[in-house]
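Please read the structure below before turning to the comments.
Quick caveat, the model's predicted, so the values are computed rather than measured.
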2 protein chains.
Amino acid sequence: MGDSLQPQLKVSFRKSIAMGPGKAALLDAISKNGSISAAARELGMSYRRAWILVNTMNNSFLSPLVETLTGGKRGGGARVTEFGEEVLYQYRSMEEKATKSVRTEMRRFAEYMRD
Amino acid sequence: MGDSLQPQLKVSFRKSIAMGPGKAALLDAISKNGSISAAARELGMSYRRAWILVNTMNNSFLSPLVETLTGGKRGGGARVTEFGEEVLYQYRSMEEKATKSVRTEMRRFAEYMRD
DNA sequence: CTGCGTTATATTTAACAAGATATAGCGATA
DNA sequence: TATCGCTATATCTTGTTAAATATAACGCAG
């Protein structure tokens, strides 16, 4: 999350952020890894933190974006729900649109800044 | 800064935010009030916090966005430079473009969320 | 030459966020 | 039924950030 010259799309819900760049990345990582803990490791954050982010998302939307299983052969796991994929897709789509809409202006704006 | 259903435009510079919604509002308030402390009072923040924001902005861009005076009949004051006005204008312009570009999608997205 | 309102900054204090650690439950599998 | 990896917390500690407080400099006005 270093220097970013693009708009950050954040969707707020009662003071907390329901969806943003970090949570979107986490959804991707969960989707890819099949568990919250593996996703957390990949992103270099604590399991606790990742779990809190998931919890916030699930509480902010009409139905859960992430479903979890405990126990079982591999201890359990987590998956992004159909609805979660849809939310993520819409978010990415908006992110791309917003970014493209100011691309050239952003480049010019960057020239105002130190390096 | 409650629930926002619009993209937040943040321009980062070496881990700190060079320009964002809060700093843009501060520039407006300084422009209007002619001093950092009056602007801070209007926005309900401490002088210290406002000063830090100004300092970050001034250090992030090629030249200062805010100029200050100490002493004098009214104790001193601050003004937004020509360059600062330009930066603010460009920022507002990008903000509006980005917002408009995802307006309809945002409305649909909002229906996914609890109320 | 004192008071005023502001910028500017240092220092201390408090609030909050993050991290570390611990523990329990789950259920397939061996 | 013991083991394993993961979810799901609770609790405690640490670290970071923000707020509060204090102080100095500035220069005009009285």
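To the nearest angstrom, P of D:dT7 lies 12 Å from CZ of A:R74. In this structure, B:L69 atom CG and C:dT6 atom P are separated by 13 Å, rounded to whole Å. In this structure, the CD atom of A:E67 is 16 Å from the C1' atom of D:dC6, given to the nearest Å. Spacing between atom CH2 of B:W51 and atom C1' of D:dA24 amounts to 14 Å, rounded to whole angstrom units. Taking atom CZ of B:R41 as the reference point, atom P of C:dG5 lies 10 Å away to the nearest angstrom. Straight-line distance from the CG atom of A:L53 to the P atom of D:dA8: 14 Å, rounded to whole Å. Counting to the nearest Å, the P atom of C:dG19 and the CD1 atom of A:I52 are 10 Å from each other. Per the geometry, CD1 belonging to A:I36 stands 13 Å off C1' belonging to D:dG5, to the nearest Å.
Within the 4.0 Å cut-off from OP1 or OP2 of C:dT7, at least one side-chain nitrogen or oxygen of B:S37 is found. At least one side-chain nitrogen or oxygen of A:T68 sits closer than 4.0 Å to the OP1 or OP2 atom of D:dA8.
In the set D:dA19, C:dT7, C:dA18, the nucleotide with an atom closest to the side chain of A:R49 is C:dA18.
Results of the side-chain contact (heavy atoms from CB on, under 4.5 Å) test with B:L27 over B:M19, B:K32, B:E85 single out B:M19 as the only residue that passes.
Mapping A:M45 and A:G71 onto DNA chain C by nearest heavy atom places A:M45 closer to the 5' end of the strand. DNA chain D is contacted by both A:R48 and A:G77; A:G77 maps to the nucleotide lying nearer its 5′ end (nearest heavy atom per residue). Heavy-atom nearest nucleotides on DNA chain D were determined for A:K73 and for A:Y47, and the one closer to the 5' end corresponds to A:K73.
Looking at heavy atoms from C-beta onward, A:L65 lies out of side-chain contact with A:K23 at the 4.5 angstrom threshold.
Using a cutoff of 4.0 Å between basic side-chain nitrogens and carboxylate oxygens, B:E96 and B:R92 are not scored as salt-bridged.
Separation of atoms CZ (B:R48) and CD1 (B:I36) is listed at 13.5 Å; rounding is to 0.5 Å. Separation of atoms OG1 (B:T81) and CD (B:E86) is listed at 10.0 Å; rounding is to 0.5 Å.
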